[in-house]
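Below: one structure, written as structure tokens.
As the structure is a prediction and not an experimental result, all values here were calculated from the model. All residue numbers refer to positions in the sequence shown, counting from 1.
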Amino acid sequence: MFIEGKNLVKKYGKGEVTVFALDHAEFGVEKGEIVVILGPSGSGKSTLLRCINKLETLTKGNILLDGKNIDDSLEFHKKIGMVFQSFNLFENLTVLDNITLAPIKTKTLSEIDAVKRAKELLKMINLESKINEYPRSLSGGEKQRVAIVRSLIMSPEIMLFDEPTSALDPEMIGEVLSLMKTLSSNMTMVIVTHELDFAKEIANRVIFMDGGMIVEEGTVDDIFNHPKSKRLKDFLSKIA
């Protein structure tokens with residue numbers, strides 16, 4: 001497995017008020033695979049992504065990348081990019097500065113190369129005209145596409161998406177999903193989303209979580225057409 005989680009536990013509180021965000025969850029993602037994670041709110045989906053990216057510290061368990069425990073090293077963080085539902089752009093920086101800040105600070109790219117690469121990526125998403133604008137002047141869909149490009153400029157081996165369309169107006173969702181679909185042909189992705197049609201279209205495999213546990217996983221056909229657990233059947237019936 002390219003990415004593997006073993007016996008993952010993340011809990012908050014103590015004693016009777018302990019809450020398990022992850023409850024002995026285990027998963028695996030092959031290189032080049034597109035895995036979509038579904039589940040109700042509070043099921044542990046976002047916590048799992050944040051633990052993979054070391055934004056949360058596990059209470060117990062290990063996450064492996066290429067067979068090695070993930071760590072807080074710069075080299076590890078270069079391998080994983082994450083796109084949040086709330087964009088997380090710096091409002092006081094231009095689009096160009098938002099995109100080039102990380103590669104310049106980490107010396108992944110020289111300033112000249114970072115600017116050149118940023119322009120190439122902005123052209124790819126049809127936002128080259130916005131290069132010197134600030135986030136406040138962008139639409140939600142434009143902000144999210146810039147956030148994706150900000151991760152891409154670091155040339156990550158895996159992209160994590162935490163409900164990337166949940167903060168968007170309906171007419172803006174399509175442009176973000178279209179970009180993700182374009183990227184999916186040559187990148188490993190783990191995507192938390194409620195866009196079921198998109199999940200059916202893009203996923204190689206689907207994971208269903210509830211109560212911090214991975215309840216069921218399988219192909220798109222397995223999960224959507226032949227669910228086994230009562231919990232997944234109930235979830236799909238309510239979403240539908």
Original post:
What's the verdict on side-chain contact (heavy atoms from CB on, under 4.5 Å) for V149 and I125, showing C-alpha distance, side-chain angles and the deciding distance?
Top reply: CA-CA 9 Å; V149 162; I125 62 172; 3.5 Å; yes

**OP:** Check K60 against H24 and note the closest heavy-atom contact, atom names and distance.
**Re:** NZ-NE2, 4.4 Å

Original post:
If you measure from CE on M209 to CZ on F27, what distance do you get to the nearest 0.5 Å?
Top reply: 9.5 Å

Subject >> Pair E216-K228, salt bridge (Lys or Arg N to Asp or Glu O under 4.0 Å): steps then yes or no >> reply: CA-CA 8 Å; E216 195 167 336; K228 297 177 182 178; 5.9 Å; no

**OP:** Report yes if the side chains of L232 and L236 come closer than 4.5 Å at any heavy-atom pair, otherwise no.
**Re:** yes

Original post:
Above 12 or not: heavy atoms from other molecules or residues under 6.0 Å from NZ of K11?
Top reply: no

Original post:
Does some side-chain heavy atom of E111 sit less than 4.5 Å from a side-chain heavy atom of T100?
Top reply: no

Original post:
Can any side-chain N or O of E133 pair as donor or acceptor with the backbone N or O of K130 at less than 3.5 Å?
Top reply: no

Subject >> Contact check, side chains of L49 and N53, non-hydrogen atoms, under 4.5 Å >> reply: no

Original post:
Considering only heavy atoms from C-beta outward, does the side chain of M172 approach that of D169 to under 4.5 Å?
Top reply: yes

Subject >> Hydrophobic cluster identity match, F208 and M213, side-chain contacts under 4.5 Å >> reply: no

Original post:
Should V29 and I63 be regarded as members of a common hydrophobic cluster, given that ILVMFWY residues are connected when their side-chain heavy atoms come within less than 4.5 Å of each other, either directly or indirectly?
Top reply: yes

Original post:
Which atom pair, heavy atoms only, marks the closest approach of A147 to V83?
Top reply: O-CG2, 4.2 Å

Subject >> Derivation and outcome, salt bridge (Lys or Arg N to Asp or Glu O under 4.0 Å), residues K238 and D234 >> reply: CA-CA 6 Å; K238 290 176 182 177; D234 289 345; 6.0 Å; no

Subject >> Minimum heavy-atom distance between M189 and L183, given as atom pair plus value >> reply: CE-CB, 3.4 Å

**OP:** Please round to the nearest 0.5 Å and tell me the distance separating atom CD1 of I34 and atom CD1 of I191.
**Re:** 6.0 Å

**OP:** Answer yes when R117 and E120 have at least one side-chain N-carboxylate O distance shorter than 4.0 Å, and no when they do not.
**Re:** yes

Original post:
Do E163 and T193 get their side chains close enough for a donor-acceptor pair, meaning under 3.5 Å?
Top reply: no

Original post:
Can you tell me how far CZ of R150 sits from CZ of F90, rounded to the nearest 0.5 angstrom?
Top reply: 6.5 Å

Original post:
So D162 and S46, side-chain hydrogen bond (donor to acceptor under 3.5 Å, both in side chains) or not? Walk me through it.
Top reply: CA-CA 6 Å; D162 187 9; S46 295; 2.7 Å; yes

Original post:
Can you tell if the side chain of S155 reaches within under 4.5 Å of the side chain of K79, non-hydrogen atoms only?
Top reply: no

Original post:
Without hydrogens or angle criteria, can the side chains of T219 and D222 be said to hold a donor-acceptor pair below 3.5 Å?
Top reply: yes

Original post:
When rounded to the nearest 0.5 angstrom, what is the spacing between OG1 in T108 and CG in D113?
Top reply: 11.5 Å

Original post:
Under 3.5 Å, side chain of S178 to main-chain N/O of G174, donor-acceptor pair present?
Top reply: no

**OP:** Determine whether L22 and C51 make a side-chain contact, defined as any pair of heavy atoms from C-beta on separated by less than 4.5 Å.
**Re:** yes

Original post:
In terms of hydrophobic clustering (I, L, V, M, F, W, Y; side-chain heavy atoms under 4.5 Å; direct or indirect links), are L55 and L8 co-clustered?
Top reply: yes

Subject >> Side-chain donor or acceptor of N62 paired with backbone N/O of K6 under 3.5 Å >> reply: no

Subject >> Same cluster (ILVMFWY, side-chain, under 4.5 Å), V190 and L64 >> reply: no

Subject >> Closest heavy-atom pair and its distance - A199, V220 >> reply: O-CG2, 4.0 Å

Subject >> K119 and E128 ion-paired at < 4.0 Å >> reply: no

Original post:
What residue among M159, E195, Q144 forms side-chain contact (heavy atoms from CB on, under 4.5 Å) with P164?
Top reply: Q144

Subject >> Rounded distance [0.5 Å steps], CD1 in I158 versus CD1 in I52 >> reply: 6.0 Å

Original post:
Can you tell if the side chain of L138 reaches within under 4.5 Å of the side chain of V146, non-hydrogen atoms only?
Top reply: yes

**OP:** Any chance you could lay out the side-chain contact (heavy atoms from CB on, under 4.5 Å) test for M124 and L179, step after step, and finish with the verdict?
**Re:** CA-CA 9 Å; M124 181 185 77; L179 174 58; 4.0 Å; yes

Original post:
Can you name the nearest heavy-atom pair linking P135 to L89, along with the distance?
Top reply: CG-CB, 4.0 Å

Original post:
Counting distance only, does the side-chain N/O of D97 pair as donor-acceptor with the main-chain N or O of L93 below 3.5 Å?
Top reply: no

Original post:
What do you reckon, is CD of E91 surrounded by more than 12 foreign heavy atoms closer than 6.0 Å?
Top reply: yes

**OP:** Answer yes or no: is there a side-chain heavy-atom contact under 4.5 Å between I37 and L48?
**Re:** yes

Original post:
How close do L196 and F224 get, heavy atom to heavy atom, and via which atoms?
Top reply: CD2-CE2, 4.1 Å

Original post:
Are E175 and R145 ion-paired here, with the side-chain N under 4.0 Å from a carboxylate O?
Top reply: yes

**OP:** Carefully, step by step, assess Y12 and K10 under the rule side-chain contact (heavy atoms from CB on, under 4.5 Å).
**Re:** CA-CA 7 Å; Y12 301 96; K10 175 63 179 179; 3.3 Å; yes

Subject >> No-hydrogen, no-angle side-chain donor-acceptor test under 3.5 Å, S43 and D210 >> reply: no

Subject >> Within one Ile-Leu-Val-Met-Phe-Trp-Tyr cluster: L38 and I239, side-chain cutoff 4.5 Å >> reply: yes

Original post:
For T188 and K31, what are the C-alpha separation, side-chain angles and deciding distance, and is it a side-chain contact (heavy atoms from CB on, under 4.5 Å)?
Top reply: CA-CA 6 Å; T188 306; K31 193 161 190 172; 4.0 Å; yes

**OP:** Please round to the nearest 0.5 Å and tell me the distance separating atom CZ of R136 and atom CG of N92.
**Re:** 9.5 Å

